[in-house]
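Here is the structure we will look at, set down as structure tokens.
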Protein chains: 2
Amino acid sequence: MVAKGRGKRVTIGDVARAADASVTTVSRVLNEVATVDAALAHRVRQAIADLGYRPSAAAQGLARGRSGTLGVLVPDLANPHFSDLVKAFSATVRDSGARVLVMDSDEDPDVERDLAEDLIRYADGLLLCAPRMPRADLAALASRGVPLLVANRRAPGLALHTVGVDFHQGVLAVCGHLAQLGHRRVVYLAGPEGSWANRERLRALAGAEAFGLHVTVLACGSTTDEGYAAAERALEADGTALVAYNDFVALGLLSRLAELGVRVPEDISLTGFDEIDLARFSSPPLTTVAVPRSGLGRAAAVALVRLMDGNTDGDDALEDVDAEALPVELHVRGSTSAPS
Amino acid sequence: MVAKGRGKRVTIGDVARAADASVTTVSRVLNEVATVDAALAHRVRQAIADLGYRPSAAAQGLARGRSGTLGVLVPDLANPHFSDLVKAFSATVRDSGARVLVMDSDEDPDVERDLAEDLIRYADGLLLCAPRMPRADLAALASRGVPLLVANRRAPGLALHTVGVDFHQGVLAVCGHLAQLGHRRVVYLAGPEGSWANRERLRALAGAEAFGLHVTVLACGSTTDEGYAAAERALEADGTALVAYNDFVALGLLSRLAELGVRVPEDISLTGFDEIDLARFSSPPLTTVAVPRSGLGRAAAVALVRLMDGNTDGDDALEDVDAEALPVELHVRGSTSAPS
DNA sequence: CTGAAAGCGCTAACAT
DNA sequence: ATGTTAGCGCTTTCAG
């Protein structure tokens, strides 16, 4: 039977005593090391089970010099973009025997820096997702000796290891699709000011203008509410297509347009970005760009683990920084058609 | 300046040396303890800054006997229900100086048990969200000495501390609303087999039958896809209203119904549950039940912290188990009307 | 007010 | 193959 109640913690010493072995031996069977005599090993395992012993993570961490924990910092866990990423990251990391400490900065750059500084005390490595903090803070973290990986933000000149999604190509695909359909004037409902994701989109939009597509940029945001609220302004901007920062904005727009009696795509075309599950189920279904959220999480996990393994002597091999820019995929559905 | 590069870890000893103080003193200023001489304290803080020193979490944890970390285990982080809960939980817990270790069991009961057993090695306390594991495993965990809190699952006879949402009342409210509108035959699209949330809904539905509402139960699931796929079966069941397990299912149904030319609510009424942000933005907007996800997260945090503070002698005060059953709120919108 | 020293529970040389 | 023992970095009595 397992000991019940709130007694003192069972230690490796207790197990050793119970199994009439040394702590080293117990440690060995625990870590599946060397050739421990079968009978002895069995006794130890028995004792472990009897006593309900679990090694203390703190003690192991201290002795080993690493915690077996990776830290992830996201701006908003409630955003499917990040929860999917974290999910995939955790699952992948777990396969290499580690755990994940997740923190949510609530989109606040200051909170973000503080949490990151706290996180590195616990973790062997750090994944920063779309960090909002200023370059200087990022640089400070980077020079801190902890394996650091940044997802979806580039910081030119900072020698950061990064993974990311090719937003640029995605927006270009959207614009190309629209242009082929015959659209010439599109309205972009912009995302959060500071975000790299938004800057990337703007950059791509600028590229599209070179192909003769005229783009009007309207400040909006990243939520359904903001999309809903921006609908009337968007209509006034006089385009034949609306390019939303993401699917939430698009669905907000769609909702308001329906109320206003504006038909999609007959009266105006609409595109989302960063495909969410529900995009297929709106009326009409949304033309949008699928980004590999889980793929990004997996890639980040692999990259970070590799970073930590080869951490013998610092900043070598930074040549393949940004090697990872995961491809995206345009999904054409009912919300886009030729302009009337 | 902060030391750069990947040198050996800076320890409290290094700081002591640099500040010409003892480690004890450094520890004191670190923990804001006692009256350390102002000048000395200042020297120490200076050294800390100069060296870029951060105390090792593992060492602190080992010495203090607690990690300052709480564990949370959810079936699916990508589900807004849980990500919102975790977000609120983390934020609240952070205010009392702790961190949160999040794990995702991917809805697998076995994985769930293993992760929970692993989590307790790291954490001072554990929050199990809607655990899918069998009673026996739950009981084993409970008798393990770690402060344990269970959210959204009741385990009769197990003396578990729990917090939860009043699903029962929510479903009753939905049924009442429908009945008042004049509906007599409703179809319930059921959620995951084993889930407590689904059982609670069924129980409430049974209660509603006592009021003369006839309920047909159809197996379905919890995703938009499953809702979409169930639409035609639901129609055949011959009710005047569809009660979906949750909003995802409802939106899937809505999407398919639109394709089939069935109008909501004119031809058939539809309700969701567990209001998601997008529920307000569908066409028509969804009548659904808002559950206090963040409130649940906060309540869990408060309860768990209290549990850990008063952990002097075990299973007292279990009288107020289940004291927390957070109220829900019916939001009537366009997807319900009187039957035709 | 400050410091020396004994652990916290585990791992990893280093013997045997 | 197994055991002894010295740390890992920090907190915390206990003296001074």
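Values in this document were obtained by computation on a predicted structure and should not be read as measured data. The sequence lines fix the lettering, A, B, ..., with proteins before strands; numbering per chain opens at 1. Just so it is clear, the values below take in all heavy atoms, side chains as well, and ignore hydrogens, waters and symmetry mates.
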For Asp110(A), the salt bridge (Lys or Arg N to Asp or Glu O under 4.0 Å) test, sequence neighbours excluded, returns Arg113(A)
Expected list for residues 115-123 of chain B near DNA chain D, using heavy atoms below 4.0 Å, is none
Would you confirm whether Glu112(A), through its side chain, and Ser105(A), through its main-chain N or O, come within 3.5 Å as a donor-acceptor pair? no
Check: Asp106(A) side chain, Asp108(A) main-chain N or O, donor-acceptor pair, under 3.5 Å: no
Within residues 61-70 of chain B, those residues having any heavy atom closer than 4.0 Å to DNA chain D are Ala63(B), Arg64(B)
Between Thr11(B) and Ala21(A), the residue closer to the 5' end of DNA chain D by nearest nucleotide is Ala21(A)
Quiz item: Base, sugar-phosphate alone, or nothing: which one does Ser27(B) contact when heavy atoms must sit under 4.0 Å apart?
Solution: base
The reported gap from CG in Asp104(A) to CG in Asp76(A) (rounded to nearest 0.5 angstrom) is 5.5 Å
Query raised in the report: Is any side-chain N of the basic residue among Arg9(A) and Asp14(A) closer than 4.0 Å to the acidic one's carboxylate O?
Result: no
field: Distance-only donor-acceptor test, Thr24(B) side-chain atoms vs dA4(C) base atoms, 3.5 Å
entry: yes
Arg54(A) atom CZ is separated from dC10(C) atom C1', nearest whole Å, by 16 Å
Could you check whether Ser22(A) and Thr25(A), counting side-chain N and O atoms only, form a donor-acceptor pair closer than 3.5 Å? yes
Outer limits of DNA chain D sitting under 4.0 Å from a non-hydrogen atom of chain B, read 5' to 3', are dG9(D) to dT12(D)
Margin query: Mind checking if Val36(B) touches a base, just sugar-phosphate, or nothing, with heavy atoms under 4.0 Å?
Written below: sugar-phosphate
Tightest non-hydrogen contact, residues Ile120(A) and Leu141(A), listed as CG2-CD2, 4.3 Å
- Task: Spell out, as yes or no, whether a donor-acceptor pair under 3.5 Å connects the side chain of Ser27(B) to the backbone of Val23(B).
- Result: no
So the salt bridge (Lys or Arg N to Asp or Glu O under 4.0 Å) pairs with at least one residue in residues 52-74 of chain A (sequence neighbours excluded) are Arg54(A)-Glu117(B)
Worksheet item: Any sub-3.5 Å donor-acceptor pair from Arg132(A)'s side-chain atoms to Pro109(A)'s backbone N or O?
Response: no
To the nearest angstrom, the CG-P distance between Asn31(A) and dA13(C) comes to 13 Å
To the nearest angstrom, the CD-C1' distance between Gln60(B) and dG7(C) comes to 16 Å
Atom pairs under 3.5 Å: protein N/O with N/O of nucleotides 14-16 of chain C:
none

Exercise. Would a distance-only check, ignoring hydrogens and angles, find a side-chain to backbone donor-acceptor pair under 3.5 Å from Asp124(B) to Gly68(B)?
Worked result: yes
Given 3.5 Å as the limit, does a donor-acceptor pair link the side chain of Arg43(A) with the main chain of Asp20(A), or not? yes
Review point. Would a distance-only check, ignoring hydrogens and angles, find a side-chain to backbone donor-acceptor pair under 3.5 Å from Ser67(A) to Tyr122(A)?
Key: yes
